[in-house]
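The basis for the numbers below is simple: all heavy atoms, side chains too, and nothing from hydrogens, waters or symmetry mates.
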Amino acid sequence: MQKEQQILQVLLETGKPLTSHELAFQLGMSERTILKYLNILKEELVDSGAELIVKQRYGSYISIYDNEMFTLFKKKFFSSSVLEDQTLRKMYIMMRLIMDGDYINIYELSDEIAVSPSLLRTVIKELVPIIRKYDLKLDHNHLKGYRIIGKEHNIRTCLSREFHAFSVLNEMFLKQSFETNEYDIIHEVISNALKQYNIAIAKNGVDALTLHTLIAINRIETNNPIQLEERHEILVLKTKPDYYATSQINAALEEKLHISLPESELIYLTMHISGKQRFFGHEHLQVNVDEKTLQFYNNFLRNIYMFSGEDFFEDEELRTSLLNHIVPFLQRIQNGMLIEKTEMTDIKSAFPYAYDLAVTGLSMFEKENFRIPEAEISYFCLHLELSIEKRKEDKTMHYNVLVICNEVSNVYQLLSYKLNKSFSNCINEIVFTTEDDFNKIDLSDFQFFLSTVEPSSAFPDYTVYISKFINDEDIQRIDEAFKALGSRINENVILKEYLFMDIDADDKDTVLNSMVNRIAKYIPLPDDFMERVNIRESMATTELDNRVAIPHPISNQDLPGFVSIARLSKPCIWESKQVQLVFLVSGSNDINPWLYGKIARIISNSTLSKQLLEAKNFREFVDIFEKM
């Protein structure tokens, strides 16, 4: 893909202004290169229905003024590079073999995409592992050519998921078969029917239903209607509002576009609607909970507790919200309709700790060799994050405070009253002493120091100097000092120079092996430590934005607690993203939420990531880390 196409794709996916520095960091280019191709892109967008807005100190973003015109532009702009990109070319070939409904001649297809027949045969063979995921087969006839065959349900699952993964192909294959206004009509028809029957589905869910409807129309036209077995669940489905909404969608499509879906397609679309519903409110159960749902809920929380030590069983509000979510989730699994894409693309980066707990909770599927998409994990993550936020106050650290003050006892009382009033959630005990008696105090009993007297080299470096009667500025200064103290204590506990390293490595395995070998010199590790790390990686990649990865073992409770930090001399591809800053975390303890909170700031701020990568040594690295 050309550089200006990459920039446009990032700007559209991000949906917010990005500076040239942020674009350069995300795409692995220099700022000078970014500026050059921003100018090219600006010219390319003339008369496209959109324009590139560039504002100094604010960033660049895409402003769309004609959606229909811009849709046509994107189709042409991105498709020009489809056949040059190896991955997209492979997916293009797969879609052709599925959607044509008949054999495709190898020589005709090689002419179409301008590659040799021998290369095309190699690419087609590479498709076999992909289509096997959907229980599909590659059928070859020496005279007629190739095609992909299998059960219609599996073909449609493949189409919907692969289209979602490659939006460019979505534009090329389906939307080009319909006039833009026809696509919009289908989208509007579905939205209106869902609103009428009070069925709550997010915008990306309506987009997915529109895609499923387009696929259904395409498959019917090629004589491939869906065939469903008569099951009790289907009879129950026909009594729900979801089915009535689907019937209304069909009536509207017949009226507006003269398209009519047969009964089996209506049932199939109803299954999709049932699986995409979201339930509002956490206070009340809005679904019928059966034994299977309760068992899943218990397994989910038990896995989290077993592997991480986090106990969520006492949170009744979480119990209600999870059960409301689990019912449609299990329906999606049963019908093979798991959500592969969501608008909430930043959930993993915003809440890495809760996301990791969600992966752990869903680890029961690893035994079944069944992959849960990141979009589905993100929804579980949100429920856990809400629970974590609610109990943060209960986990606030409490400190012993020493106040150095030469005034009379009534001043002590006033200071004590104001401190307790403003910082009762941080203070365990307040002790007063005079400047003369300070040397008699065992300082190891205290973590926080205040003084109303003149600064002295005898006092600890972190002493906060305040007025006798504590004014508003003093309160703010003390508050900032408490926050900084929490970070210093945590950093002293887990950030060790002997576990900090700069290494040369070209791939994930080399990085992990180098880190584990270094750690093993200082900390005894079990023989299966690397195996546990790899199991966790296989469940969901630990790569994040801004070149950060947080690998860790799947099971933590019996492991020593530590964090090892590695900076790579150059970025390497972890799974699909560039990674250059690696935090290898082990052990289950109260520090993990704090650590992941710090890392979340790095993930959301490319400047911080860049500063940490460029820090001259460990001490400078920690100083930057502390100030975040």
query: Out of curiosity, Phe459 CZ to Ile404 CD1, how far, rounded to the nearest 0.5 Å?
result: 4.0 Å
NZ/NE/NH1/NH2 to OD/OE distance under 4.0 Å, Lys508 and Glu543: no
- prompt: With side chains defined as the heavy atoms from C-beta onward, is the minimum distance between Leu443 and Phe449 less than 4.5 Å?
  reply: yes
task: Working to the nearest 0.5 Å, report the span between OG1 of Thr360 and CZ of Phe300.
output: 9.0 Å
statement: Nearest heavy-atom contact between Ala24 and Ser30 is CB-C, 3.9 Å
- request: Compare all side-chain heavy atoms of Asp356 with those of His552 and state whether any distance is below 4.5 angstrom.
  value: yes
field: Ser606 side-chain N/O to Asn546 backbone N/O, donor-acceptor pair under 3.5 Å
entry: no
- prompt: Between Ser514 and Ile503, which heavy-atom pair has the shortest distance, and what is it?
  reply: CB-CD1, 4.1 Å
field: Pair Lys570 + Asp506, salt bridge at N-O below 4.0 Å
entry: yes
- request: Please report the shortest heavy-atom distance between Arg567 and Ala615, naming the atom on each side.
  value: NH1-O, 2.8 Å
- prompt: Roughly how far apart are Leu525 CG and Leu559 CG, rounded to 0.5 Å?
  reply: 8.0 Å
task: Using only heavy-atom distances, determine whether the side chains of Glu317 and Ser387 contain a donor-acceptor pair under 3.5 Å.
output: no
task: Over all heavy atoms of both residues, which pair between Glu575 and Thr541 is shortest? Give the atoms and the distance, please.
output: CB-OG1, 3.5 Å
message: Are there over 12 heavy-atom neighbours, none belonging to Lys610, within less than 6.0 Å of that residue's NZ?
response: no
query: With a 6.0 Å cut-off on ring centres, are Phe500 and Phe621 close enough?
result: yes
- request: Taking Glu376 for its side chain and Pro373 for its backbone only, find out whether a donor-acceptor pair lies under 3.5 Å.
  value: no
query: Between Phe313 and Tyr297, how do the two ring planes meet: parallel, tilted or perpendicular, split at 30° and 60°?
result: perpendicular
message: Are there over 12 heavy-atom neighbours, none belonging to Tyr465, within less than 6.0 Å of that residue's OH?
response: yes
Close side-chain approach of Ile40 and Tyr37, heavy atoms under 4.5 Å: yes
message: Would you compute the distance between atom CZ of Arg547 and atom CD1 of Ile602 and round it to the nearest 0.5 angstrom?
response: 14.0 Å
statement: Note: Cys572 and Val511 closest approach over all heavy atoms is SG-CG2, 4.4 Å
- prompt: Is there side-chain contact between Leu568 and Asp504, with heavy atoms separated by less than 4.5 Å?
  reply: no
message: Is there a side-chain contact between Phe446 and Pro460 in this structure, where contact means two heavy atoms from C-beta onward sitting under 4.5 Å apart?
response: no
message: Contact between Leu52 and Glu44 at the side-chain level, heavy atoms closer than 4.5 Å - yes or no?
response: no
message: With heavy-atom distances below 4.5 Å as the criterion, would you say the side chains of Tyr58 and Ile53 are in contact?
response: no
- prompt: How many angstroms lie between atom CD1 of Ile519 and atom OH of Tyr498, to the nearest 0.5 angstrom?
  reply: 10.5 Å
- request: Over all heavy atoms of both residues, which pair between Tyr355 and Cys381 is shortest? Give the atoms and the distance, please.
  value: N-SG, 3.5 Å
message: To the closest 0.5 Å, what do you measure between CZ (Phe25) and CD (Gln578)?
response: 8.5 Å
query: Any side-chain heavy atom of Leu322 sitting closer than 4.5 Å to one from Phe380?
result: yes
- prompt: Under 3.5 Å, side chain of Ser424 to main-chain N/O of Lys421, donor-acceptor pair present?
  reply: no
- prompt: Quick one: is the NZ or CZ of Lys496 closer than 6.0 Å to the six-membered ring centre of Phe562, and within 45° of its axis?
  reply: no
field: Residues, nucleotides or ligands: over 12 heavy atoms within 6.0 Å of Asn517 CG
entry: yes
NZ/NE/NH1/NH2 to OD/OE distance under 4.0 Å, Arg619 and Glu497: no
query: Going through the distances and angles, do Phe448 and Ile427 end up as a side chain to side chain contact (heavy atoms under 4.5 Å, CB included)?
result: CA-CA 9 Å; Phe448 199 85; Ile427 294 175; over 6 Å; no
- prompt: Once the angle between the rings of Tyr399 and Phe482 is folded into 0 to 90°, is it parallel (under 30°), tilted (30 to 60°) or perpendicular (over 60°)?
  reply: parallel
